[in-house]
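Heads up, the thing below is written out as structure tokens.
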Amino acid sequence: MTTYTEAQAEAISCLDEPLQIIACAGSGKTQVISQRIAAILGLPGVDPRNVVAFTFTEKAAAELKERVLSIVEREHGQLNGLAEMYIGTMHSYALGLLQRLVPDTFKYSVLTDITAQLLVDRYSRKSGLTSCPTTAVQGTLRRYRNSKLYLQVASVLREDQIDYSRVPAGVLESFEKYAELLEQNAAFDYTEIIRRAVHYLEGDPYEDDDFGRVHEHVAKDIRYVVVDEYQDVNPLQERLVRGLVRFGANLCVVGDDDQTIYQWRGSQVSNIVTFARRYADVRQVRLDDNFRSSIGVVELGRSVAERIPANARLPKSMVAAGHQKWERGDLVALTMDDPLAEATWIVDRIVELRGVAFQDRPDSGPRGLSWSDCAVLFRSVTNDSGPLVEELRQRGIPFIVKGLNRLFDSPEIQAVVGVFRFMVSEIDDGALRALWDEAQLIPATGDWTRAIRVLEVGRDFAATRRHAVYNIQRLYLDFLEALDVREENLPGAPTRAELVFYQLGKFSQVISDYEQIYFTTEPAAKYEGFAKWLQFQAPDYYADADADVGYATPDAVTIATVHQAKGLQWPAVFLPAMRRNRFPARVMGGVSLRHVIPDDALDDPARYRGTVEDETRLLYVAVTRAQKYLYVTFAPIQSNQQQRNRSEFFDHIAAQQWVSTAASPVAGAKLAPHPLHETPQVTLSFSELKYLFECSYQFKLRFLYGFNAPIHEALGYGKGLHDALAEVHKRALEGDIATKDAAGALVDRHMHAPFAYPALKEQLRASGIKALERYFDTHGKDITKTEFSEKQIQVHVAPGITVDGRIDLIRRLDTGEVAIVDFKSTERAQAEDVTRDQLHVYAVGYQELTGRSADVIEVLNLDENGKTEREPINDPLLVAVRDRIRDAGEALRTNNLPRLRVWDKHACGSCDLVALCRERPTA
DNA sequence: CGCTGGGTCCTTTTT
DNA sequence: GGACCCAGCG
């Protein structure tokens, strides 16, 4: 049982006033939030669905959720309905809200940075890109060159507080076009997800049904809102929060203004600083106690934070409250001759630290430090980590670099890119072969001639083959198959094969991204464009392709940027490359936001450019990552005129009394190195679980390596039907019973098949209507018996293992029994027991949700000749399914994901990726 | 010591 | 495209 400080306890128990928790680094913030949420759940009359908690990343969400669940299990035992508590990002919350309550947006898909940029470039005129004026000499923005900037403009215009009268009319006209293009494609970019949700939250409930439905939900269901990392909220997100609490829900925001490090992405420090002035009767609780670090680190951190002007900060004073002892020599600031010497010194020190006794918690015994207890934090990993990486590699010390390896720099990906340069006759057979030899990708059994044949047939664009059938992804997989490229066939050690497959899988994602936008382009032009894009655009987008395969965390030195280190901690932290113009970083030149949106249209334009204050906050984050040892080093780069001098930050640190300016050997006893073993969180979505049950290797190919199936032209059909039925049942719950004649309108609203050619579109529409009419004919009378539609479920199987899913429909039968219904729109051959297991997971989820058990499971086939299968829920099977999920989660954690032992008619026969796995049986 | 002009160099990343 | 560095000038 955790004991809390007075301040922590105050924060936990303050449940009925607006609360601002100001949490210094290392103050046990997550634990406090978890405990507070658990306390809310324990209040009489509070349902889990009354709680909404926002985090900034999915990872942080998984962690918070896990902590809340384990506290709840410990303190309240079984609690029903936990699946309906929301803990996650604002984006997924907003999307969920729209897709639950606003039927018109059910069909919308989400564009990533990359696909949004592809869209803007493909429709460079229609998107407004090339007509967008800029004060830079070029006059307007340009295709490819400025599309990223254009997307930033489009985001800022929606996310920030804008004085529109000061934005040039041409810019606004361009933006209108962009918004229209998104609309036409039934797509949201990340900003639009939030903006649209805000639109409904702020709307007048009497204006239309959708506003009314959102209004009612918020007023009735939402009673507690928690916002973590509040310092990183941008003005639009702040409106989302406002919208959620406008009917009196309790708001609690948690954050540390000193750790605002994403200003250039729109977060606004003033938001957290003025919170208490903007909301009435705010209680502020300061968590000043730092339990993480020694007094030396804490005091150093404090001195850094105090460099930030007081009017831009919330008053606070971090104090050391933990058990870590400070000893002279723990904190060191050193100057080296050059980056090479710096790297050598760091690696020497890492080696020296290995085995040094360290105590993680006041009540735990000492252990010997290991590689993974050391982190080297750079302002710019890409530019500065080279010498260190080289040194570590030479000395055989394991390390993980985040963000250094650019996917397209690897010889493997260059070989794959070569395939597409060959497709457009940029290189010949011999040159391609050389690339593949160079990358060592050709298996001993590989038949090069056969593989080339596949490409030659594929690039005969004049052949009257419908290009949609023979698409890029298909070609890629066919080529790999023809060449016999499989994990066990690749030259080299199995670990190398795993890494290569990870890269090949990433490339599959690259294809998917491109084809999602260019699917319907004529083949010749499509391949031409793809080859160009691969060479000129894509390399900049797909930066990170490092060895992050799977969930297992290796014992390795972490090399990361300060940004990536936020929220993490290590016993020993190195802060090298403390050079002027690097850290604090120099402001960048080039055509940027201010050439499109004038400064006076923005509240705080400087934040997009970067200020010394922002960099100081970054330094604060960096320093406070260390628990005990902190080594800050400077080494000039003689060859670079701008990077020869010490950073003012270095001088600040070196001048502090806790910091030594000469290194002494690490004191203390040596033990055997013993890395901290972290249990990785595993959250499986329902569809992931389905694949995991069916074949764990298929799961690995899809979700760990990233291989995607070729896009099917009819994609969207099943989802459209599904969404149409969801609307029918949701309306039924409101007492509005739809009938057969609504089928056409329903299909028109929900069916979005962006990859279908016109005739197929028509055909899909027609068969969609038929399917709905059939549904009304056979099940129309049951529509009134709807209990729930699209019910969120969650199964917490074991610590760290959770399954999330959604049940299509729950209804009462004539017999009074409760049926869980799953709609199927295609008769995808599926092994019988997988379906049954899958449905039993729903049954388990239903049980956790309601505390009751359902009676039967129904699979309702929407296709022609489709029949309903019904089976009673089998209690022993429920137990068995839980065990299976737990085993599956364990298998994931240990990366034990083998293929099926023998060819399975159903699983392998229907697997899109079987070519990467095994030989097809000869008929 | 202050100014000028030519040469040099160019970050961070979640949803 | 523009901030910074530095040599050279008055």
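Just so it is clear, the values below take in all heavy atoms, side chains as well, and ignore hydrogens, waters and symmetry mates. Below, read A as the first sequence line, B as the second, and so on, with proteins coming before strands; counting in each chain starts at 1. Note that the structure is a prediction, hence the values are computed from the model and not measured.
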Between the side chains of Y542(A) and D513(A), is a donor N or O closer than 3.5 angstrom to an acceptor N or O? yes
So which heavy atom on T134(A) is nearest to which on A136(A), and how close? OG1-N, 2.9 Å
Can you spot which of D614(A), D160(A), D599(A) makes a salt bridge (Lys or Arg N to Asp or Glu O under 4.0 Å) with R607(A)? D160(A)
Ring pair (Phe, Tyr, Trp, His ring centres under 6.0 Å) partner of H563(A), chosen from F56(A), Y262(A), F378(A): Y262(A)
Please determine whether any donor N or O and acceptor N or O are separated by less than 3.5 Å between the side chain of R379(A) and the base of dT11(B). yes
Side chain of H563(A) only, heavy atoms from C-beta on: which candidate in dT14(B), dG7(B), dT12(B) is closest? dT12(B)
Among the nucleotides dT15(B), dT13(B), dC10(B), whichever has the atom closest to the side chain of Y262(A) is dT13(B)
Report yes if a side-chain nitrogen or oxygen of N383(A) is closer than 4.0 Å to either non-bridging phosphate oxygen (OP1 or OP2) of dT11(B); otherwise report no. yes
On the nucleotide dC10(B), are OP1 or OP2 found under 4.0 Å from the side-chain N or O atoms that N640(A) carries? yes
Of the candidate nucleotides dT11(B), dC9(B), dT8(B), which contains the atom at the shortest distance from the side chain of R586(A)? dC9(B)
Can you tell which of Q259(A), K566(A), Q263(A) makes a side-chain hydrogen bond (donor to acceptor under 3.5 Å, both in side chains) with D232(A)? K566(A)
How many whole angstroms separate atom OH of Y108(A) from atom P of dT15(B)? 24 Å
Using atom CG of L618(A) as one end and atom C1' of dT11(B) as the other, report the distance to the nearest whole Å. 10 Å
If only side-chain N and O atoms of S639(A) are considered, is one of them under 4.0 Å from the OP1 or OP2 phosphate oxygen of dC9(B)? no
Using whole Å, report how far OH of Y190(A) lies from P of dT15(B). 8 Å
Can you sort out which residues in residues 589-606 of chain A have a heavy atom within less than 4.0 Å of DNA chain C? Ascending by number, please. G589(A), G590(A), V591(A), R594(A), H595(A)
Any chance the side chains of Y230(A) and D256(A) put a donor and an acceptor closer than 3.5 Å? no
When you compare dG2(C) with dT11(B), how far apart are their C1' atoms, in angstrom units rounded to a whole number? 16 Å
Nearest-Å distance, CH2 (W264(A)) to C1' (dT14(B))? 9 Å
So what does V137(A) hit on the nucleic acid, given a heavy-atom distance under 4.0 Å: a base, only sugar-phosphate, or nothing? sugar-phosphate
Of the nucleotides dT15(B), dC10(B), dT12(B), which has the atom closest to the T561(A) side chain? dT12(B)
